[in-house]
Amino acid sequence: MGVITDNLDLWGEALGNTLLLFFAGGAIALVLGTLIGAMRVSPIPVARAFGTVYVNTIRNTPLTLVFFFFAFGYPQLDLPNPGFTVLGVWALGIYTATYVAEVIRAGINTVPVGQAEAARAIGLTFGQVMTLVVMPQAFRSVVPPMMSVFIALLKNTTVAAGFSVVELGAIRANLSERGENALTVLLWVAVVFVALVLVLSAVQRRLENKWRIAR
């Protein structure tokens, strides 16, 4: 435990940045991914085309290259530079949104077509059909795969370590400079990640049980 108690400042900063990357990136991914997922099933051809191009382009690009764009390409655009941590949040959010979109699209496809048709028959617009009828049911059906996406996002936060963000993936290098054993540090990092994943798994079970009863 000495490797933690003797370096609480670094562990606190690393854990805090990891959670920031996860929650902020996850929020962006959830909002953007839901929007893109809805566009993928939209009756408007332009919206469907945009959603398809977005998903196929970003999802098939390695996450490291997405980080490279935000680290080295974004500054060339002469836009305000909020720092590597914020740029890392956007990189994770934009990348993970593609997986969220596909999960949402799969969930939408589980909703019987007759329900959407009935909603349109009583005069609801496409947006109202999606928000009031389809999406609530779609979210219930995709809890397990959605949580798998967020677990992957949590582990993907370590990619930010290569771009000057002090998080759990980077703490080994920082603690090595203080003379700590690198293997011991990595084992503790693994323990922290396992604990965080177990928390997410518990949240998944709670949501599944709650929404299963609601049905």
Side-chain angles (χ1 to χ4, degrees), residues 4 7-37 51 53-104 145-178 180 182 185-201 203-204:
I4 295 179
N7 302 280
L8 285 177
D9 56 335
L10 272 178
W11 282 99
E13 182 182 4
L15 179 59
N17 282 336
T18 294
L19 294 177
L20 173 63
L21 290 167
F22 172 71
F23 283 110
I28 292 172
L30 189 59
V31 173
L32 182 58
T34 300
L35 178 61
I36 296 297
V53 170
Y54 178 89
V55 169
N56 290 336
T57 301
I58 303 298
R59 187 177 59 176
N60 293 323
T61 301
L63 177 58
T64 305
L65 292 184
V66 178
F67 266 91
F68 266 113
F69 168 77
F70 279 95
F72 304 109
Y74 177 86
Q76 303 302 316
L77 301 177
D78 292 327
L79 297 174
N81 191 338
F84 284 123
T85 301
V86 175
L87 292 177
V89 166
W90 279 100
L92 286 167
I94 289 173
Y95 180 80
T96 307
T98 61
Y99 294 93
V100 172
E102 289 301 277
V103 169
I104 293 294
M146 185 68 76
M147 196 57 66
S148 295
V149 169
F150 282 109
I151 288 174
L153 168 62
L154 176 64
K155 292 184 285 187
N156 283 341
T157 59
T158 57
V159 177
F163 298 89
S164 303
V165 178
V166 179
E167 47 79 57
L168 290 174
I171 198 170
R172 178 203 58 78
N174 293 315
L175 290 182
S176 292
E177 296 177 357
R178 295 187 178 184
E180 300 289 355
V185 173
L186 289 175
L187 289 175
W188 276 111
V189 169
V191 169
V192 173
F193 271 106
V194 169
L196 293 174
V197 170
L198 288 176
V199 170
L200 291 178
S201 299
V203 172
Q204 173 187 329

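Just so it is clear, the model here is predicted, and its values are computed rather than measured. The figures here come from the full heavy-atom set of this structure, side chains too, leaving out hydrogens, waters and symmetry mates.
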May I have all residue pairs that pass salt bridge (Lys or Arg N to Asp or Glu O under 4.0 Å) and include part of residues 77-97, sequence neighbours excluded? none
Looking at Gly33 and Val100, what are the two nearest heavy atoms and their distance? CA-CG1, 3.9 Å
Tell me, with the steps shown, if Phe22 and Leu196 meet side chain to side chain contact (heavy atoms under 4.5 Å, CB included). CA-CA 11 Å; Phe22 172 71; Leu196 293 174; over 6 Å; no
Inter-residue atom distance Leu92.CG - Asn156.CG, 0.5 Å rounding: 6.5 Å
Interatomic spacing from CZ in Phe150 to CG in Leu200 - rounded to 0.5 Å: 9.5 Å
Using 0.5 Å steps for rounding, measure from the CG atom of Leu32 to the CD1 atom of Ile94. 7.0 Å
Which residues pass the ring pair (Phe, Tyr, Trp, His ring centres under 6.0 Å) test with Tyr99, sequence neighbours left out? Tyr95
Applying side-chain contact (heavy atoms from CB on, under 4.5 Å), name anything that partners Val197, two or more places apart in sequence or on another chain. Ile151, Leu154, Ser201
Show the nearest heavy-atom pair for residues Tyr74 and Pro80, with the distance to one decimal. OH-O, 2.7 Å
Closest non-hydrogen atoms of Asn81 and Pro75, given as atom of the first, atom of the second and distance, are ND2-CG, 4.2 Å
In short, Thr96 meets Ala29 closest at the heavy-atom pair CB-CB, 3.8 Å
Sorted by chain and residue number, the side-chain contact (heavy atoms from CB on, under 4.5 Å) partners of Thr34 (sequence neighbours excluded) come out as Leu30, Ile104, Met135, Phe139
For Leu198, give me all partners under side-chain contact (heavy atoms from CB on, under 4.5 Å), at least two apart in sequence or on another chain. Val194
Please report, to 0.1 Å, the donor-acceptor pairs under 3.5 Å made by any side chain of residues 59-73, with sequence neighbours excluded.
from, atom 1, to, atom 2, distance (Å)
Asn60, ND2, Asn56, O, 2.7
Thr61, OG1, Thr57, O, 2.7

How close do Gly25 and Leu153 get, heavy atom to heavy atom, and via which atoms? C-CD2, 4.2 Å
